[in-house]
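Have a look at the structure below before the remarks.
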Protein chains: 2
Amino acid sequence: MTAVLNERKEHILRAVVVNYIKTAEPVGSRSVARFYPGGLSSATIRNEMADLEEMGYLIQPHTSAGRIPSQLGYRYYVDNLMDLNELSEDVAEKISSTLSAGKMREIEQIIMNSTKVLSSATNQTSLIMGPQFKKSAFRQLRILPLDDKKGLVVLITDTGYIKNKVIDFQHHLSQSELQQVVSYLNQKLYGLTIDQVTTSLINELKRDLFRRLEILEQAFILLEESLKEEKQIRVFLGGTTNILNQPEFKDVDKIRRMLNLFEQEPLLFKILEDNSSEDDIVVRIGSENEFEDIQECTLITGTYRIHDKTLGTVGVLGPTRMDYSRVISVMRRLVDQLNQALSSS
Amino acid sequence: MTAVLNERKEHILRAVVVNYIKTAEPVGSRSVARFYPGGLSSATIRNEMADLEEMGYLIQPHTSAGRIPSQLGYRYYVDNLMDLNELSEDVAEKISSTLSAGKMREIEQIIMNSTKVLSSATNQTSLIMGPQFKKSAFRQLRILPLDDKKGLVVLITDTGYIKNKVIDFQHHLSQSELQQVVSYLNQKLYGLTIDQVTTSLINELKRDLFRRLEILEQAFILLEESLKEEKQIRVFLGGTTNILNQPEFKDVDKIRRMLNLFEQEPLLFKILEDNSSEDDIVVRIGSENEFEDIQECTLITGTYRIHDKTLGTVGVLGPTRMDYSRVISVMRRLVDQLNQALSSS
DNA sequence: CTTTAGCACTCATTGAATAAGAGTGCTAAA
DNA sequence: TTTAGCACTCTTATTCAATGAGTGCTAAAG
């Protein structure tokens, strides 16, 4: 990857990153000297730090200040220097217990709880994208007559989504006519993902059915609305107030921009979706993020799956000065548990 | 109500309130003099203002500053001085169009949209409590067999709630057995509110049924979970970032406390529920609020109904320096539209 | 008795000047 | 190559005076 630093420089870079993550203050040569095992003097460290700055790994906020890691510095740290610390017992415990308590829970419930654990365990804002409805496979469609004018359409997918909608019948429908329509639809749609149920397919089905029964215009509404819904996948947020604890967000204006972002679900969705990869865990530091609004932040994402099918993405968003090691281990753990919790249902 | 002020004092109090609401700056005698129609000198105004302060309607932040309304001052203004300004055409339009666009919408969707209009039209944070599930009346219970091991329980209330849950059958159930159970349950439960379906009633039903069929343990889970849910009514928030625009929230610490509150749904629920009254619109200024966390704020609430049954509460929360007139007219309008939108579905 | 002009006074805010302190870069010696 | 030493830089905190908005009070005018 990037040019390899000699061991001493690596030590120093690590010292700066670790210290800065902890204190949020520029770190000077003296503190690094204390940190450095093979007792070097601060003067030597200063020279090395000047080098590291020239190479782009460190930044000096002003002449008489210590150094802070640059984006490149963080990147080098994450790629080469960071060692994943073990999760403390209680955090691991907390994650497991939150996710496995009652088995009989809705998928949304599971996810909402996940945002809570994730944000509290990382002290950052967490965001989790719910399972992508449009990638779920159609399993069953049912119509429950409520009275002779109304019915309840129920749509069930393989990922456990259950959508329903009350519809008005235009004309009276006999039980057997309803049966016919429903079983026809089930037969045609079975196994398709919601993605694949295009408007044209629906229209085709409609034509087909109208030939036999001149009714049921509305029975299709649920399907059509489900399609629209692809743009409305929910993103769940947790710990949004955590950013207020970060000194980099002591400026009210920055806070506003950030919270504003949090209110725009579609944007969050895009951000998460763009980062959803087959990879285990992705770390996007600063301007590595495509979205301007978070280019002062680091976004760490992971994907969760059910039966090896990618369902959604979980993310942690915070300032670039973030405890990478901790966040990554927490997220790894969470995704594991999430996978288990979901596949057992 | 409170002691009545003479006309001149009322004029002056109104001037102070209106000005302060607009500018967020303490208003001095000179600005009131400009505002006052019957050209009085600032000295006279000063005397009157000193009186008003002594009477508790005004406050002087420090000796050489103008006056700001006290809580009592706001109260007097709201009760006696405020004239409800007409809603501007475009705001009225916006509310109507948001709520009546597609008729075929879920109740949750309607409410989420409402929070958006409400917050953007008032520049404050809006909160809306979803229909109280527990006060809805049971209408129908259905069980849809999915395969021979699983079924979908569907619970429908008169307020349009549809709850569903996949259950595992412990043993195989014949179609007719299922029918029996279901119709028995429907008969027993019809018309009861969810509130009234107590655990003891459920247990009674269980005993009753077990005598006939030794199965269906899980069919009750939906019911039982529905009961638990009474504590989980969702509160929808809109425009939380609006508080950041208020000068009274320029302190990061206050912001944190406020946002923290916003993250605690159960608390929000309590706050709204306590304020839900049969009355049209309720204004709670400062310490009139029971909850400490919002005693620097004003909460204005209204209730929406369907067929004359109170369903939920909508609220606007902001600093006591709030444009009462505007918020109240917007809310009145919104509640009206909401009532219409809900009763037409 | 009420209103108003006049004036001294108060207090928050602003900006400049100063002091303190942290940390650097450079030089020269080890 | 490393290190001690020192002058230098730049931020932060503090003090101080100046500014100005607005008041309260008094005494005169209506």
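Every chain is numbered from 1 and lettered A, B, ... according to where its sequence line falls, protein lines coming before strand lines. The figures that follow rest on heavy atoms only: side chains count, while hydrogens, waters and symmetry mates do not.
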Carboxylate-amine/guanidinium contact [X] [Y], below 4.0 Å:
X: A:Asp79; Y: A:Arg75; value: yes
X: A:Asp274; Y: A:Lys270; value: no
X: A:Lys94; Y: A:Asp90; value: no
X: B:Asp51; Y: B:Lys9; value: yes
X: A:Lys22; Y: A:Asp323; value: no
X: A:Glu296; Y: A:Lys254; value: yes

Close approaches to DNA chain D from residues 22-31 of chain A, in residue order (heavy atom, under 4.0 Å): none
Decide whether A:Ser119 and A:Asn242 meet the rule of one side-chain donor and one side-chain acceptor closer than 3.5 Å. no
Please tell me whether B:Ser126 and B:Lys116 have a donor and an acceptor in their side chains that are separated by less than 3.5 angstrom.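 Result is no, nothing qualifies.
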If a protein heavy atom is under 4.0 Å from the base, mark B; if only from the sugar-phosphate, S; if neither, -; do that for nucleotides 25-30 of chain C going 5' to 3'. B-----
Can you tell me how far [atom2] of [N] sits from [atom1] of [X], to the nearest Å?
X: A:Asn19; N: C:dG23; atom1: CG; atom2: C1'; value: 15 Å
X: B:Asp51; N: C:dT3; atom1: CG; atom2: C1'; value: 14 Å
X: B:Asn6; N: C:dT3; atom1: CG; atom2: C1'; value: 15 Å
X: B:Met49; N: D:dA21; atom1: CE; atom2: P; value: 16 Å
X: A:Ile68; N: D:dT11; atom1: CD1; atom2: P; value: 14 Å

Distances under 3.5 Å between nitrogen or oxygen atoms of protein and nucleotides 12-20 of chain D:
none

Only counting residues at least two apart or in another chain, list the ones meeting ring pair (Phe, Tyr, Trp, His ring centres under 6.0 Å) with B:Tyr324. B:Tyr74
What pattern of brackets, bars and dots sums up DNA chain C from 5' to 3', given Watson-Crick or G-U wobble pairs under 3.5 Å, [ ] for crossing pairs and | for another strand? ||||||||||||||||||||||||||||||
A:Thr241 side chain to B:Asn260 backbone, donor-acceptor under 3.5 Å: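 Looks like no, no N/O pair under 3.5 Å.
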Quick check: does any side chain N or O of A:Arg256 sit under 3.5 Å from a backbone N or O of B:Leu244, one acting as donor and the other as acceptor? yes
Contact nearer the 5' end of DNA chain C, comparing B:Pro61 with B:Ser41: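 First, find each residue's nearest nucleotide; the 5'-ward one identifies B:Ser41.
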Looking at residues at least two apart in the chain, or sitting in another chain, which of them share a side-chain contact (heavy atoms from CB on, under 4.5 Å) with B:Gln71?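 For B:Gln71 the side-chain contact (heavy atoms from CB on, under 4.5 Å) partners, ignoring immediate neighbours, are B:Ile285, B:Ser287, B:Glu288.
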Measure the spacing between NE2 of B:His11 and CZ of B:Arg8 and express it to the nearest 0.5 Å. 11.0 Å
